[in-house]
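The first residue of the sequence shown is numbered 1, and numbering continues consecutively from there.
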Amino acid sequence: MRPLLVLNVVGLTPELIGANTPNIARLAQRGSMRPLRTVTPAVTCSVQATFLTGLPPGGHGAVANGWLFRDLYEIWLWRQSNRLLDGERVWDAAKKRDPGFTCANMFWWYNMASSADYAVTPRPIYKADGRKLPDCYAQPSELRDELTAKLGAFPLFSFWGPATSISSTRWIADAALHVVATRNPTLTLVYLPHLDYGLQRLGPDHPDIRKDLTEIDAVAGDLIDTAEAAGRGVGLDEVSAGAGAVEAAR
């Protein structure tokens, strides 16, 4: 089975692929590109869960980016436990066909306590004095120590929000390259969130989005080039832009 790298670039649409995204455009030209029909609601957690299980939100249960916990009567956003989802995961289905199949899930949601062979996801440390320290969760646990020693602490506060920068997306990409080089998974799922905040805040026609596109394209280009040099297939998808979503693959 040919190893595959899947890049999940949030917010990317066919209209945004062009002069500011030469690496992504080249991938689409060498392979193929087609619009995706999304699910409703077209938000990150719901659509990623559909990609992972093949089920609509009503089947896997992630009907939004948050959950109403009825015993507490509170809505909590961005939960991370894989046990919240129903449905067979793509890597479990693949292992039934090929027992040697392995999967690295790099920051797709619902990534804690999953059956993926390798997993990394944001997980801050909450101190008794109220401080919130950036960190990540990884399985196996030694992977977290490897990545922190090599890349520094995961830059959580640049992941989404007013302080968003390319640094968190670059960290995820470098972490994925480390896992590919040291673990050689059959399937590597990589979440690249950099476009998400700017597109929601400014819209796709704002001139500042060109800078974001250039930055995300550089990160994607490094992943694409490294994967293809090692003989891996590359797939690229977007999860939360509705009917304008794009899938490119080679």
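In terms of modelled atom types and a separation under 3.5 Å, the side chain of Ser168 and the main chain of Ser158 share a donor-acceptor contact. Remark: side-chain polar atoms of Thr50 are paired, donor with acceptor, to backbone N or O of Leu55 under 3.5 angstrom. No donor-acceptor pair under 3.5 Å is formed between the side chain of Arg183 and the backbone N or O of Ala181. Between the side chain of Asn65 and the main chain of Cys45, a donor-acceptor pair closer than 3.5 Å is present. Between the side chain of Gln139 and the backbone N or O of Ala116, at least one donor-acceptor pair lies under 3.5 Å. Under a 3.5 Å cut-off, the side chain of His60 and the backbone N or O of Ser46 do form a donor-acceptor pair. Between the side chain of Gln80 and the backbone N or O of Pro122, at least one donor-acceptor pair lies under 3.5 Å. A distance-only check finds a donor-acceptor pair linking the side chain of Arg89 to the backbone of Gly87 [under 3.5 Å].
Aromatic ring orientation, Trp160 versus Tyr197: perpendicular (interplanar angle above 60°, classes split at 30° and 60°). Taking the six-membered ring where tryptophan is involved, the planes of Phe159 and Trp109 are perpendicular, since the angle between them exceeds 60° and thus also 30°. Under the 30°/60° scheme for interplanar angles, the aromatic rings of Trp171 and Phe154 are found to stand perpendicular.
Lys127 has no carboxylate O lying under 4.0 Å from a charged side-chain N of Asp129, or vice versa, which leaves the two without a salt bridge. Arg26 and Asp217 are not joined by a salt bridge, as no carboxylate oxygen comes within less than 4.0 angstrom of a charged side-chain nitrogen. Ion pairing between a basic and an acidic side chain is recognised when a charged N comes within 4.0 Å of a carboxylate O; Asp222 and Arg170 show such pairing.
Remark: Arg144 pairs with Asp135 by the side-chain hydrogen bond (donor to acceptor under 3.5 Å, both in side chains) rule, at least two apart or across chains. Judged as a ring-ring contact (aromatic ring centres under 6.0 Å, His included), and not counting sequence neighbours, the contacts of Phe69 are Trp76. For Arg210, there are no side-chain hydrogen bond (donor to acceptor under 3.5 Å, both in side chains) partners at least two apart in sequence or on another chain. When the side-chain hydrogen bond (donor to acceptor under 3.5 Å, both in side chains) test is applied to Asp92, the partners found at least two apart in sequence or on another chain are Ser115.
Screening Leu12, Asn8, Leu192, Leu5 for a side chain to side chain contact (heavy atoms under 4.5 Å, CB included) involving Leu236 leaves a single residue, Leu12.
Residue Ile125 belongs to a hydrophobic cluster whose other members are Leu133, with links defined by side-chain heavy atoms closer than 4.5 Å.
Annotation: salt bridge (Lys or Arg N to Asp or Glu O under 4.0 Å) contacts involving residues 43-56, sequence neighbours excluded, are absent.
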inquiry  = As a quick check of understanding, evaluate side-chain contact (heavy atoms from CB on, under 4.5 Å) for Met1 and Arg97, giving each step before the final call.
reply    = CA-CA 11 Å; Met1 183 181 295; Arg97 299 186 181 187; 5.7 Å; no
key: Verdict with reasoning, Val6 to Leu189, per side-chain contact (heavy atoms from CB on, under 4.5 Å)   = CA-CA 5 Å; Val6 177; Leu189 305 169; 3.9 Å; yes
task = Test side-chain contact (heavy atoms from CB on, under 4.5 Å) on Ile17 and Met33 and set out the steps.
result = CA-CA 11 Å; Ile17 298 175; Met33 182 175 70; 3.6 Å; yes
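Dense packing is recorded around CZ of Arg2, with more than 12 heavy atoms of other residues, nucleotides or ligands lying under 6.0 Å away.
Using a 4.5 Å cut-off on side-chain heavy atoms (C-beta onward), Ile224 and Arg30 make contact. The side-chain heavy atoms of Tyr110 and Leu52, taken from C-beta on, include no pair separated by under 4.5 Å.
One finds the CG atom of Asp196 at 5.0 Å from the OG1 atom of Thr44 (value rounded to the nearest 0.5 Å).
In the hydrophobic clustering of this structure, Leu156 does not group with Met112; members are Ile, Leu, Val, Met, Phe, Trp, Tyr whose side-chain heavy atoms approach within less than 4.5 Å, directly or through other members.
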